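What you see is a predicted model; the values in this text were computed from it and never measured.
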Amino acid sequence: MGSPNHDSPSFLSNKSSKIFVAGHRGLVGSAIVRKFQVLGFTNLILRTHAEFDLTRQSDVESFFSTEKPEFVILAAAKVGGIHANNTYPADFIAINLQIQTNVIDSSYRHGVKKLLFLGSSCIYPKLAPQPIPENALLTGPLEPTNEWYAVAKIAGIKMCQAYRIQYNWDAISGMPTNLYGPNDNFHPENSHVLPALMRRFHEAKVNGAKEVVVWGTGSPLREFLHVDDLADAVVFLMESYSGLEHVNVGSGKEVTIKELAESMKEVVGFEGELVWDTSKPDGTPRKLMDSSKLLGLGWMSKISLKDGLIDTYKWYVENVIKQ
């Protein structure tokens, strides 16, 4: 099932195809839009949340019957960190299930040629083997802090598979690793480790602080993928993959949190000390996706962590600081 669907014309062959990018203002969606524009696609259908609420079935139905997109990239989701997941579990499961169900079902019924559903590495069991292969899905209990979001995303994968099995419809799923880049969330409390560190080093630099304290020992291993690399993978999957199984999308490179912090310090230009608070928890010792399936199909990431950090910091200074 992993081979391209040769009955349908190439995704890249027609730059005037109508493409609906759901969630185009987010970290992922905005990168996908930038990539499509660079490639010369001229007929992107974009709607803000204020214009179009994906959780309302009747709105989604009328949108698809009116616009009739040929391709759909489903990058819209309610996302958040551990605190948000623990505080609003009903929102995380209900909103994501509503968005996915409405968009996937309407896409099928209104003749969309191909749909790509994007999830997250949190779909895998808490104690999955490392690196995590695609077939680790549903082999053990989830991480309790984000299971509501994970269950919704797993349902999205299964829904794409079900529509492929029952209707022979070309719906595929991609599961990215930890993403970062322009339009990331740099909120001091509820952002992920990379943007949180960037903000802290920047504020320490501006305030002339002597040190930045980081939780833990710095030993956990993490994988990061620049969101422009993910956008490149999205185009690759739309062009070259038509299979039942979801596909991991990662850089295949892991760094310790200590290495990340030291690179960040250098990129931001913070001159003070980096102090590790070893009384604080480290979290999972290692989290790496096995992206060998995607590599075998012919795609690999191109943006090094250092270059990605430089690019992201430039965007942060120009867009977040100046607000």
Side-chain angles (χ1 to χ4, degrees), residues 1-5 28 73-75 77 79 96 100 115-165 170-180 192-194 219-227 229-257 260 282-303 305:
M1 292 291 287
S3 59
N5 181 354
V28 171
I73 313 293
L74 182 40
V79 296
N96 285 305
Q100 294 159 199
L115 174 141
L116 170 58
F117 169 70
L118 289 165
S120 135
S121 59
C122 77
I123 61 166
Y124 291 112
K126 182 183 170 90
L127 302 175
Q130 299 288 336
I132 311 171
E134 284 89 356
N135 64 12
L137 185 66
L138 295 175
T139 57
L142 298 163
E143 165 60 57
T145 54
N146 59 21
E147 66 177 328
W148 319 107
Y149 177 74
V151 164
K153 287 294 176 183
I154 292 166
I157 295 172
K158 291 295 168 189
M159 193 167 174
C160 289
Q161 290 177 343
Y163 277 61
R164 177 178 287 276
I165 292 163
D170 199 2
I172 60 173
S173 300
M175 299 298 123
T177 187
N178 298 312
L179 299 167
Y180 71 98
H192 293 115
V193 60
L194 190 150
S219 67
L221 287 156
R222 293 291 180 270
E223 176 187 28
F224 298 97
L225 184 73
H226 191 287
V227 73
D229 264 340
L230 173 64
D232 189 58
V234 162
V235 173
F236 178 86
L237 288 168
M238 288 298 286
E239 174 74 11
S240 305
Y241 182 71
S242 179
L244 186 67
E245 191 176 45
H246 63 283
V247 181
N248 286 344
V249 185
S251 61
K253 299 178 179 71
E254 48 190 343
V255 293
T256 64
I257 296 295
L260 173 67
D282 264 337
T284 308
R286 186 183 191 208
K287 193 173 179 193
L288 174 68
M289 304 265 273
D290 180 348
S291 299
S292 54
K293 177 175 177 170
L294 185 56
L295 194 64
L297 291 168
W299 185 88
M300 63 189 304
S301 68
K302 299 168 188 70
I303 302 169
L305 183 62

Which is it for L288 and L221 under the side chain to side chain contact (heavy atoms under 4.5 Å, CB included) test, yes or no, and what are the steps along the way? CA-CA 8 Å; L288 174 68; L221 287 156; over 6 Å; no
Find out whether V28 and V234 are in side-chain contact, i.e. whether some heavy atom of one side chain is under 4.5 Å from a heavy atom of the other. no
Identify the heavy atoms of K302 and D232 that sit nearest to each other, and give their distance. NZ-OD2, 2.8 Å
For the residue pair L138 and I154, establish whether any side-chain heavy-atom pair is separated by less than 4.5 Å. yes
Can you tell me how far CG of N248 sits from CG of L295, rounded to the nearest 0.5 angstrom? 12.0 Å
On a heavy-atom basis, which atom in R164 and which in D170 lie closest, and how many Å separate them? NH2-OD1, 2.6 Å
NZ/K158 to OG/S173 distance, rounded to the nearest 0.5 angstrom? 9.5 Å
Please examine the side chains of D290 and I132, heavy atoms only from C-beta on, and report whether any two atoms are closer than 4.5 Å. no
Looking at E254 and R286, is any side-chain nitrogen of the basic one under 4.0 Å from a carboxylate oxygen of the acidic one? yes
Straight-line distance of Y124 OH to E134 CD, nearest 0.5 Å: 5.0 Å
Please round to the nearest 0.5 Å and tell me the distance separating atom CE of M175 and atom CD of E245. 11.0 Å
L116 side, atom CG; I73 side, atom CD1 - distance, nearest 0.5 Å: 5.0 Å
Has D229 got a side-chain atom pairing as donor or acceptor with I303's backbone, closer than 3.5 angstrom? yes
So which atom in L74 and which in Q100 form the shortest heavy-atom distance, rounded to 0.1 Å? CD2-CA, 4.1 Å
Can you give me the closest heavy-atom contact between S251 and F224, atom names plus distance? OG-O, 3.1 Å
Side chain E223, main chain K287, donor-acceptor under 3.5 Å: no
Can you check whether L225 reaches S301 side chain to side chain, under 4.5 Å on heavy atoms? yes
Could you check if a side-chain atom of M289 sits within less than 4.5 angstrom of a side-chain atom of L294, using non-hydrogen atoms only? no
Do I123 and L137 have side-chain heavy atoms sitting under 4.5 Å apart? yes
Here the pair of heavy atoms bringing R222 nearest to N178 is CD-ND2, 4.2 Å
Between F117 and K153, what is the shortest heavy-atom contact and its length? CE2-O, 3.5 Å
Greater than 12 external heavy atoms within 6.0 Å of W299's CH2: yes
Pairwise side-chain contact, L297 with F236, heavy-atom cut-off 4.5 Å (strictly under): yes
For the pair Y180 and H226, name the ring-plane relationship: parallel under 30°, tilted 30 to 60°, perpendicular over 60°. perpendicular
Drop me the distance from T284's OG1 to E143's CD, to the nearest 0.5 angstrom. 6.0 Å
